[in-house]
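Have a look at the structure below, then the notes.
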Amino acid sequence: MPHVTFIGDDEQRLVKRLQQGDKTAAREFYARYAGSLAGVCARYIADDDDLKDVFQNAFLHIFSHIGDFEYRKEGSLEAWATKVMVNESLKFLRTSKQHELLQPDYDVVDESEADFSVSNISPDIILQMLNRLPTGYRTVLNLFVFEGKSHQEIADLLGIKKASSASQLHKAKQMLAKMLRKYNDNNTPRR
Amino acid sequence: MNEEWIKEMQQKMAGYEHPAPELPWDEVDRVLSANKSRSARQLWLKRLAAAAVLLLIAGVGYWSLLNHETEPMRPTTALVEDQSHRAYSEQPEKQAEMTPTPSDLRQKKASSQSKMVAMSEPEEVTPVFTSGADTISSSAPSEQEQPQVVERKAKPSESPRHVIYPSDLREHKHSENRLTAQVYMSSTMAGSKTKSFSQEGIPNFMRIEDAEYHRQPVRFGLSLRYRLNDHWSIESGLLYTHLSSDITIIEDDMTSVEEQRLNYLGLPLNVSYDLWKSRYFGLYVTAGGTIEKSLNTNPWQFSVNGAVGAEYKLTDFFSLYAEPGIGYYFKDGSSTPTIYQDRPFIFNLSLGIRFNIK
């Protein structure tokens, strides 16, 4: 079945159609948001097969719970869907990677409080670097940096200590800095 | 700590898109079909409720018209008169355009005049009607509707109740309306409140804000109100309350959002005091308590409330009222989260109809 995207068909109407069980609305929702929601998922889940599972679960959750969603303002549908995606990712990590979330801190042999800049790095490279972080570090960094959560909230969520959240973030940052230095060294145009 | 890198990362990854996996569309469609039947059910419930309210109002309206042919009867009479008049005078008017005669002109004038008067001042029905009736009898004397019109019109003026209506009403109300039945519905005035999980042990972290809140309580009630004297009344009845909340539970290995629905049946007891009363309006204060039992799991729920009420009397028989008020809900001692535990003070608005039975 060809699906038509109605120009000017706003979020609120899309929500209503989903709530009424409109199947073309689900295709439209997918066409609009799948890419960015997959982007959210990919920050948490490094493995492609796992990502597919989590992604699909999140979408099924969204479609089955859309009746409980109340549209408030523009963007609230995507914000809600993003939260569902993060939730599904964490659920997956908690069930299958629990030991990695709880892993003892790596001793990063370091060094200076390395500040770094990603202003000249593409999002794809940043994502690759995030995926190379240990699961626990990556999760804490994601929650802190992109979801704007506090260390206390992260600790509650992941079942770790607040201090551990802070130290994992710190070490994640150091590892990122190291990766960036290496990347920049390899990619600096030579004269 | 230098937060520059955080801002940079956020900016870089904002709107980042990743190749999206396909969805199991047959499963998606199954989920959507479930939504469809759910939303259809809700739609039918709403329709049923609307139909019930309409039937109630129509029934009550009809009954009160039959039994209390006073105020609302008059516009109806005027309308009947006006329409029949117009219908009958159409033919002569057309003729008049071609060959005006003095009598036709007179008729035309009378017709437009009667229409105007009938619309603006229903009180003046009697003289207007006479002029209309003249026209009718002159143009179509044997029409069936004519006697009917006359009969309906004549009734109010013959009725002694009608004649004494304005001066008698106040006394009438005070002396006779001792017992009043009420049907009402009530809801909170403010929008739904987001529940914040502050209980220890339950992290308030990744709550799905938009999907987790207590919806406004919705109440339907039936009650009887008994007037003790000029100012005081007591009131009691049955109260049905529906509470619905989305609860997000985050446990060690599971996150779930579920809808919690609670129904209560309650017994309110209120005392009200009339502050001011005129022919059509009444203003009063009311206060009391309600004991409610959950039909689901929660134990008894006690509450106290107070409200200011305004009443508009449509006919002798029934009135509309609105009561904005505030209620306080005591803790019910259970762990089931409800809007009452979250916000013990609730502003609410009740709207209802009163039937003056006796």
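Bear in mind that the values here come from a model prediction, so they are computed numbers and not experimental data. Throughout, protein chains are lettered first and strands after them, A, B, ... in sequence-line order, and every chain is numbered starting at 1.
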I'd like to verify something: which residue of B:Ser33, B:Ala34, B:Pro24 has the highest number of heavy-atom pairs under 4.5 Å with chain A?
B:Pro24
Count the heavy-atom pairs under 4.5 Å between each of A:Gly148, A:Ala25, A:Cys41, A:Ser119 and chain B, then report the option with the highest count.
A:Ser119
A:Ser164 and A:Gln168: side-chain donor and acceptor closer than 3.5 Å?
yes
At a heavy-atom separation under 4.5 Å, does A:Tyr30 approach chain B through its side chain, its backbone, both, or neither?
side chain
Under the criterion side chain to side chain contact (heavy atoms under 4.5 Å, CB included), which of A:Val86, A:Asp156, A:Leu157, A:Ile154 is the partner of A:Lys149?
A:Ile154
Please state whether the side chain, the backbone, both or neither of A:Ile125 comes within less than 4.5 Å of a heavy atom of chain B.
neither
Closest contact, heavy atoms only, A:Gln20 versus B:Lys36:
O-CG, 3.3 Å
Toward chain B, the part of A:Leu93 with a non-hydrogen atom under 4.5 Å:
neither
Smallest separation among heavy atoms of A:Phe63 and A:Leu18, with atom names:
CE2-CD2, 3.9 Å
Sort by residue number and list every residue of residues 50-60 of chain A having at least one heavy atom under 4.5 Å from chain B.
A:Leu51, A:Lys52, A:Phe55, A:Gln56, A:Phe59, A:Leu60
Which atoms of A:Leu141 approach chain B - backbone, side chain, both or neither, heavy atom under 4.5 Å
side chain
Interatomic spacing from CG in B:Leu222 to OH in B:Tyr240 - rounded to 0.5 Å
13.0 Å
Using non-hydrogen atoms only, which part of A:Ala42 is less than 4.5 Å away from chain B: side chain, backbone, both, or neither?
side chain
Exercise answer: donor-acceptor pairs, residues 13-21 of chain B side-chain atoms, under 3.5 Å, sequence neighbours excluded:
from: B:Tyr16; atom 1: OH; to: A:Asp124; atom 2: OD1; distance (Å): 3.1
from: B:Tyr16; atom 1: OH; to: B:His18; atom 2: ND1; distance (Å): 3.3

Under a 4.0 Å N-O cut-off, is there an ion pair linking A:Glu147 with A:Arg43?
yes
Of the listed residues (B:Arg30, B:Lys12, B:Glu22), which shares the most heavy-atom pairs with chain A below a 4.5 Å separation?
B:Lys12
Determine the option with the most heavy-atom pairs under 4.5 angstrom with chain B, choosing from A:Ala26, A:Gly35, A:Ser122, A:Gly39.
A:Gly35
Distance only, no hydrogens: is a donor on one side chain within 3.5 Å (strictly under) of an acceptor on the other, for B:Thr286 and B:Glu235?
no
Step by step, would you call A:Asn184 with A:Ile121 a side chain to side chain contact (heavy atoms under 4.5 Å, CB included)?
CA-CA 9 Å; A:Asn184 284 332; A:Ile121 312 289; 3.8 Å; yes
Tell me yes or no: between the side chains of A:Glu78 and A:Ser36, is some donor less than 3.5 Å from an acceptor?
yes
